[in-house]
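All figures in this text were calculated on a predicted structure; none of them were measured in a lab. Quick note on labels: first sequence line is chain A, next is B, and so on, each numbered from 1.
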Number of protein chains: 2
Amino acid sequence: MEINIAIFEDNKLIREALQTIINGTPGFRCTGAFANVNQVLADVEFSRPDVVLMDIEMPGRNGIDATKLITDNVPTVKVLIQTVFNDNDKIFKALCAGASGYILKSDSPLKMLQALEDVYKGGAAMSPSIAQKVMQFFVRQNVILVQPEETDFDLSTREKEILALMMEGCNYRDIADKAFISYETVRTHIKHIYKKLHVASRSEAILKARQQGIA
Amino acid sequence: MEINIAIFEDNKLIREALQTIINGTPGFRCTGAFANVNQVLADVEFSRPDVVLMDIEMPGRNGIDATKLITDNVPTVKVLIQTVFNDNDKIFKALCAGASGYILKSDSPLKMLQALEDVYKGGAAMSPSIAQKVMQFFVRQNVILVQPEETDFDLSTREKEILALMMEGCNYRDIADKAFISYETVRTHIKHIYKKLHVASRSEAILKARQQGIA
DNA sequence: GGGAAAATACCGCAATGGGGGATTTTAAGG
DNA sequence: CCTTAAAATCCCCCATTGCGGTATTTTCCC
């Protein structure tokens, strides 16, 4: 089975070079090569790639926004960012936008193919210098990570279940039905959850739960 | 110039295998192999490695603490963590401890050597599945938020004022008084704001406003 | 067996969110 | 000048949510 790749790259020479490399490698196939991301969703829809190789610097709409559009709307498609620069801001924005990897154009074609394969397999890929910046980020953020006040919120099993249902978008009534308890009991549980999480609304609770990895 | 490696690994078989691989590869040399990290600083001092290959699971003192000791006291020495597990907690702790890389024991010797070289050159190395967890961390934590659609939400001047008051913690009544408009008008404005921001509650709106730097 | 914590359940009230409709003011352009 | 669109203003209705109580039963640990 071949890995289908779609390329977004404004430079014609590079675009065609990438296409040639990919199509010339057994196991890879380029199903689309586009010079901009103005119709990125339609392009992805059309070329049905497994992995998108995305240039981050492009005239007009930029690659990070396009990445977010793809991961939001077609989450099964992985995005591998390719760039000439490696400044922190772009890296972190790309990662937050849901990219599965971030490599440099200066990397060898072999490494690029390896990265495409890693990403296709569900992993992630980073050039060493990129990974290093990510590492540094963790070291710097150390304080925040190591002492997040209380990571244990003492939620009971039942409360975690209710919280999980809340995170699925259920309202009180839905939760009551799914948990086989009364509407009022749901309200009670949720009140307790809010107290324990020190929040005051559904959305805050869900945010905190996601950040802390509860439930 | 050869890259000098020190190994910390409690399993004798693995330790010697690693030693053999490293010494059998041109450009690499094993200058020390230790079964525990009880005298890690002395061992590092003695073997003068460029890169330490550190097993994270060891009886007695663990690899993460040892990593922190090394990076704190001998910052020129890089540490590459090697582990059988890839659970989130250990990864992030290791990264925070200053590790330069994190690879799995299931990776091939070739990849390990590549990782050692990447780390030696000042980059960092991660197995794809590790990198993937790091990526997820960024997405989940909303470290930096990227909004593709439009960073400008077309909020009118008045709506931004109302939003600012909301962010100060005012309720409908307070906002009405401070903005010299009626309670109902405040509600109308806020409804419009929610629509434009694509959110459905006060807390989400405030979160988004903060992240996007609106108002 | 007794006590603490959890799970269950109910009531009432205030605040919030979402739907609709409506008027006036302002801005912009033909 | 007039038309039109957007912004700003106001009102009503209703469901959901958050928060304050209270209370009973179940579960679990000492």
For nucleotides 17-27 of chain D, just jot down a letter per nucleotide in 5' to 3' order: B, S or -, based on protein non-hydrogen atoms under 4.0 Å. BBBBB------

side-chain contact (heavy atoms from CB on, under 4.5 Å) evaluation trace for A:F8 with A:T67: CA-CA 11 Å; A:F8 289 87; A:T67 299; over 6 Å; no

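Between B:R158 atom CZ and C:dT24 atom P the separation is 19 Å, expressed in whole Å. Whole-Å rounding puts the B:I193 CD1 to D:dA8 P distance at 10 Å. Remark: P of C:dA22 and NE2 of B:H192 are 15 Å apart, rounded to the nearest angstrom. Residue B:I162 contributes atom CD1, which lies 11 Å from atom C1' of D:dT9 at whole-angstrom precision. The separation between B:I175 atom CD1 and C:dT16 atom C1' is 11 Å, rounded to whole Å. B:E159 places its CD atom 12 Å from the C1' atom of D:dT9, with the value rounded to the nearest Å. Taking atom CZ of residue B:F180 and atom P of nucleotide D:dA8, one finds them 17 Å apart after rounding to whole Å.
For the 3.5 Å distance criterion, the side chains of A:N4 and A:T31 fail to qualify, holding no donor opposite an acceptor.
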Scan the side chains in residues 74-85 of chain A for donor-acceptor partners under 3.5 Å anywhere in the protein, sequence neighbours excluded, and list what turns up.
{"unit_1": "A:T83", "atom_1": "OG1", "unit_2": "A:E57", "atom_2": "OE1", "d": "3.3"}
{"unit_1": "A:T83", "atom_1": "OG1", "unit_2": "A:E57", "atom_2": "OE2", "d": "2.7"}
{"unit_1": "A:T83", "atom_1": "OG1", "unit_2": "A:F85", "atom_2": "N", "d": "3.1"}
{"unit_1": "A:T83", "atom_1": "OG1", "unit_2": "A:F85", "atom_2": "O", "d": "3.2"}

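Counted within 6.0 Å of CZ on A:R48, heavy atoms from surrounding residues, nucleotides or ligands total 12 or fewer; the atom is thus considered open. Counting non-hydrogen atoms of neighbouring residues, nucleotides and ligands closer than 6.0 angstrom, the NZ atom of B:K196 exceeds 12 such neighbours.
Between C:dT8 and A:T185, no contact under 4.0 Å exists linking OP1 or OP2 to a side-chain N or O. A close approach under 4.0 Å does not occur between any side-chain nitrogen or oxygen of B:S156 and OP1 or OP2 of D:dA6.
A:H189 comes within contact range of at least one nucleobase, with a heavy-atom separation under 4.0 Å.
Side-chain atoms of A:I21 and A:M112, non-hydrogen and from C-beta on, do get closer than 4.5 Å to each other.
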